[in-house]
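Letters A, B, ... are given to chains in the order of the sequence lines, protein chains preceding strands, and every chain is numbered from 1. From a predicted model like this one, the values you see are computed outputs, not experimental measurements.
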2 protein chains.
Amino acid sequence: MTGERRVRGKPVMMDVARLAGVSHQTVSRVLNEHPSVRSETRERVLRAMEELDYRRNSAARALVTNRSHTLGLVTFDTTLVGPSSTVYAIERAARDAGYFVSVASARSLDEGSVANAINRLREQAVEGIITVAPMDSALAALARVPADIPLVGIGVGEAMGVPMVSVDNIAGAAMATKHLVDLGHATVHHISGPPEWPETRERVTGWRTTLRQVGAPEAPVLSGDWSSRSGYEAARMLASDPNVTAIFCGNDQMALGALRALHEAGRDVPTEVSVVGFDDIPEAAYLLPPLTTVQQDFAALGRASLELLVEQITAGVRTQQHMRFPPELVVRESTGR
Amino acid sequence: MTGERRVRGKPVMMDVARLAGVSHQTVSRVLNEHPSVRSETRERVLRAMEELDYRRNSAARALVTNRSHTLGLVTFDTTLVGPSSTVYAIERAARDAGYFVSVASARSLDEGSVANAINRLREQAVEGIITVAPMDSALAALARVPADIPLVGIGVGEAMGVPMVSVDNIAGAAMATKHLVDLGHATVHHISGPPEWPETRERVTGWRTTLRQVGAPEAPVLSGDWSSRSGYEAARMLASDPNVTAIFCGNDQMALGALRALHEAGRDVPTEVSVVGFDDIPEAAYLLPPLTTVQQDFAALGRASLELLVEQITAGVRTQQHMRFPPELVVRESTGR
DNA sequence: TCCAGAGGTGTGAGCGTTAACACTGCCACC
DNA sequence: GGTGGCAGTGTTAACGCTCACACCTCTGGA
C-alpha cells in the first residue's frame, strides 16, 4: 500500500520517505539542507520528491518552528508613484532575504484603518511590518504596536520607538528653493501636499527656512492633495498674480497641473514663471517644458527599510534608528529667469 | 499554575480557556462563531481573549483545516499605473472576501522568472493565483500550472484552460482610430507597446482593422516600451514627415513623450497633428494639450479577477471564462483637424 | 413517567512538520 | 581490544488548532 496515500490529496513527507526508502526525518533533513546526509541518500530523496511533485506544507513548518518567513506591508494608495516603486523594491529585497511578502492596504486615511491593516497582518503572524503609508494616521497606529514586533515606517515622520526610513525632505525642499532664489527670483511660492503628511510639512519647513535665510518674503502655502488637478487649481490662483515668478510644488503631478494652469493663463515657463517639482517621476523629463525637480530614490528607500526590518528580526530588538536619504536636484528646463 | 504558560511566549487557546473556565474547544467555537455557545459563555471567553491579547495561530489553523485563506498575486512592474491600480483593487476585494494577499514579483520578462514567482506562491500554499503580468511569458508560465490550482490571468491574451480578465483592447484601439479617421485624417500612425505584450498586439489589430475598413493606408508600426522616452523617440521619427497628421499611442506615457517630440519639431497639437493615448492616467487631463485617450477601468479589472478566482476556489473547478471589459473613449483637446 | 431530541460543553485524535534524542556502524586512538 | 567520537539514520514527542464524537442537562410530547 505504498502509494495509497498519494491518491488522496497532496503527498506528504512520509510519502516521499517511503518512496525513497528512508525515514521522514531524513527527508526533512534533505529539505533543510542538513549536512549529515549521505549524498547518495540525498539524491534518492530528491528524486522521490520530484517524482511525487512534493512541496512541503508551510503551515506545519511554521507551526513547529514558530516562524512564518513572511513580512507584512501596509500600503495606502499604491497608485502614487513613490509608494508603488517602494513596494516593488521591498518585495524584491524581501525575496532575496528569504521572506514572503503579504500586503494589507489601509482603506482610508484614518488611524483605525491603518490599525486594521496592521491587525490583519498580525493575524497572519508576519515576522515584521513595513508601512508605506506616510500619513500621520499611520504613525499614530504604529506607535500602538507592541514593542516586540519588528517595525519600520517609511516617510512617516518622527516617533518614539519606531524605526524609520525617509528622504531628507527638508534638504530637498531647501535645494529646490535655493535653486529658484539663486536664479534671481524675489521669492518662491509653494504648492504643498496635504498637511497631514509629514513629508508635506518637512518640505514646507525646508522651503520656509530657505526663504528666511535669504530674507525673501513668505507667501502663504497653498495645499493640494498630490493630484494634478489640485496642482492645476492652486496654480490657477497664483497665475493671475504678476508677482508670482517661481513655484515650488510638493510633487511632480501637482507641478504638471501647475504647468498647465500657467500655460492657460498665458504665462510662459520658464521665461515668466519657474516651476520645480518633487519626486522625479519618469515622465518629468518629457513634460512641456521638461520639469526641474527633486529626485528621490524610492527603490533605495525600499531596500533600506527591508534591511532595517530584517536586522530587527534577527537581533530580536527594535533598532532605534532613523535613516535619511539625501535627494538630488535635477535641473531641466522649467526653471530660469 | 494557571498563568505559567503565559509567561513563556504568546498565549494559546488553552490559556484563554483556563482563564475563562471553559475548554479549549469552546474557545475555538467562539472564535469561529459557532452558534451553539451560550452568550454568557461567549462573553467570558471574549473577555479572556482580550485580557491576554490572544490571537489564534494561523499556521495551526491552516494545518488542520488545510486552508491558508491566502491568495497569491504575481506582479511584474508595479511602477506602471495600470498594474498598480489593479493590484490595489484586488487587495481590497480580497480582504472583503476574507482572504489575505501575498505578492511575488517576476524579476524579468522571461518565463522562468514568472514561473519562479508562481512557485514561491505555491510554496506558501496560496489557494489561488492572479497574475498581473500581461506578457506572453506569463501566459506560458500559467499554462504550466497544474489544473487543480485556481488561476486568473489579467490581460494576458488567449490561452487554453486559463481563465482571463482583460480590457477589450481591440475595441479600444478601434475607437481611437475611428475617432481620428472621422476627424478627417487620411490615415493614423501607431506607436505601440512592446510586441511581446498581448495587449500591444490586440491594440495593433484594432488599429489596423479599422484602417482597412475605411480603406486608409497602413503605415508600419513603431514600437516602444511604454515609457515616455520611447514615445518621444518614436514620435521624433514621425514628426519630420508632413504626411503624419494623427498618431495613436499604445499608452498615455508614450503619448506624453510624443506630445513633447511634436512640440520640439514645431508641429502643433491638435491643429497640425492629433494624438490619442490609452489608459487615461490621472495626469492625462492636465497635459499640454489635455490628452484624448481610451479609458480603462483598472479597478473593475481587479475586482472581476478576484471574483473569478474566488468562484473557482469555492467551486473547486477551473472556470473556463474570459471576461472582457469595454473601454471608453475620452475626447479632450489633443485631437482635431 | 419516560424517552427523544436539541442545546451546550468537554475529550481525544490527528493535521505535517521539526527538534531532541537514541541508535548503529565505523574509524582512530591509546 | 576497549573507549570515545562522529557520520548517518530512525523514533518519538511536541507545535496549536479543528473535527468528530461523547457526554451532560433540559425541554416537550407520548
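One finds a side-chain N or O of A:Arg56 lying less than 4.0 angstrom from the OP1 or OP2 phosphate oxygen of C:dT18. Neither OP1 nor OP2 of D:dG16 sits under 4.0 Å from any side-chain N or O of B:Tyr54. Distances shown here put a side-chain N or O of A:Ser28 below 4.0 Å from the OP1 or OP2 atom of C:dT18. Here A:Thr65 does not reach the OP1 or OP2 of D:dC15: none of its side-chain N or O atoms lies under 4.0 Å away. Look at A:Arg38 and you won't find any side-chain N or O under 4.0 angstrom from OP1 or OP2 of D:dA7.
Side chain to side chain, A:Arg107 and A:Asn116 fail the donor-acceptor criterion of an N or O pair below 3.5 Å. Using modelled atom types and a 3.5 Å distance limit, the side chains of B:His34 and B:Ser36 yield a donor-acceptor pair. Side-chain contact, A:Asn57 with A:Arg61: no donor N or O sits under 3.5 Å from an acceptor N or O. A:Ser105 and B:Glu91 form a side-chain donor-acceptor contact under 3.5 Å, judged by distance and modelled atom types alone.
Counting to the nearest Å, the C1' atom of D:dT11 and the CE atom of A:Met13 are 15 Å from each other. The distance from atom CZ of B:Arg18 to atom C1' of C:dG10 is 15 Å, rounded to the nearest whole Å. Counting to the nearest Å, the P atom of D:dC19 and the CZ atom of B:Arg67 are 11 Å from each other. Taking atom CG of residue A:Leu31 and atom P of nucleotide C:dA19, one finds them 12 Å apart after rounding to whole Å. Per the geometry, NZ belonging to A:Lys10 stands 13 Å off C1' belonging to C:dG16, to the nearest Å. Taking atom CG of A:Asn66 as the reference point, atom P of C:dT17 lies 18 Å away to the nearest angstrom. Distance CG (B:Leu63) to C1' (D:dG16): 9 Å, rounded to an integer number of Å. Distance CD (A:Glu40) to C1' (D:dT9): 13 Å, rounded to an integer number of Å.
Closest heavy-atom contact between B:Leu121 and B:Val103: CD2-C, 4.3 Å. Heavy atoms only, all atoms of each residue included: B:Ala138 and B:Ala133 are closest at CB-O, 3.0 Å. Contact detail for A:Leu301 and A:Ile154: the closest heavy-atom pair is CD2-CG2, 4.0 Å.
Residue contacts for A:Ser58: at a heavy-atom cut-off of 4.0 Å it reaches no nucleic acid atom on any strand shown. Looking at heavy-atom distances under 4.0 Å, A:Ser36 makes contact with a base. Here B:Asn32 lies in heavy-atom contact (under 4.0 Å) with sugar-phosphate atoms only. Within the nucleic acid shown, A:Arg29 comes within 4.0 Å of at least one base atom, counting heavy atoms only.
Candidate nucleotides D:dT18, C:dT18, C:dG10 were compared by shortest atom distance to the side chain of A:Gln25, and C:dT18 ranks first. For A:Val22, taking side-chain heavy atoms from C-beta onward, the closest of the listed nucleotides C:dT9, D:dG10, D:dC17 is D:dG10. Here the side chain of B:Asn57 is nearest to one of C:dG10, D:dG10, D:dG16, namely D:dG16.
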Considering only nitrogen or oxygen atoms on both sides, find all protein atoms under 3.5 Å from nucleotides 23-26 of chain C and state each distance.
none

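Using a 30° and 60° split on the angle between ring planes, A:Tyr99 and A:His69 fall in the tilted class, from 30° to 60°.
Ranked by how close their nearest DNA chain D nucleotide is to the 5' end, A:His34 and B:Arg61 are led by A:His34. Comparing A:His24 and A:Ser39, the nucleotide of DNA chain D nearest to each residue sits closer to the 5' end for A:Ser39.
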